[in-house]
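Side chains included, hydrogens not; waters and symmetry mates left out as well; all remaining heavy atoms used.
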Amino acid sequence: MAVKSISIRMEEEMLRKIGYIADYEGRSVNSHILVLVRESIAAFEREHGAAGDGIPPAVNVKPGKRQ
């Protein structure tokens, strides 16, 4: 599996807090973000089934914002 690189923008306070949590957990910020992404994908797939498998983009419409 190829590893891709992305950059994200976040508020300074959020970065400081995620850094604190990552350090507490004994991880780098990058590794901790990967853990959070994996947990998010697993939760989504438990509720909705496999993410992105054979769903054309025209059908895979993002739901509206939740109140």
Side-chain angles (χ1 to χ4, degrees):
M1 177 182 300
V3 175
K4 299 291 184 175
S5 178
I6 64 168
S7 67
I8 60 172
R9 290 181 284 284
M10 69 174 65
E11 297 165 349
E12 198 171 322
E13 181 181 6
M14 186 182 299
L15 179 58
R16 182 180 54 76
K17 288 182 178 188
I18 199 76
Y20 180 91
I21 296 167
D23 188 53
Y24 182 87
E25 297 288 331
R27 300 184 181 109
S28 67
V29 170
N30 186 79
S31 292
H32 191 65
I33 290 171
L34 288 174
V35 167
L36 297 173
V37 169
R38 286 184 189 109
E39 289 173 353
S40 177
I41 291 169
F44 179 91
E45 290 186 331
R46 277 192 301 276
E47 185 174 342
H48 302 286
D53 289 346
I55 302 171
V59 175
N60 189 15
V61 177
K62 175 172 93 170
K65 290 185 179 183
R66 296 178 191 211
Q67 297 294 333

Using residues 6-21 as the side-chain source, report each donor-acceptor pair under 3.5 Å to any protein atom, sequence neighbours left out, with the distance given to one decimal.
unit_1 : atom_1 : unit_2 : atom_2 : d
Glu13  : OE2    : Lys17  : NZ     : 3.2

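Closest heavy-atom contact between Ala22 and Ser28: CB-O, 3.6 Å.
Side-chain atoms of Glu45 do not come within 3.5 Å of backbone N or O of Ala50 as any donor-acceptor pair.
At a threshold of 4.5 Å between side-chain heavy atoms, the hydrophobic network of Ile, Leu, Val, Met, Phe, Trp and Tyr places Leu36 and Val29 in one connected group.
Scored by the side-chain hydrogen bond (donor to acceptor under 3.5 Å, both in side chains) test, Ser40 finds no partners at all (sequence neighbours excluded).
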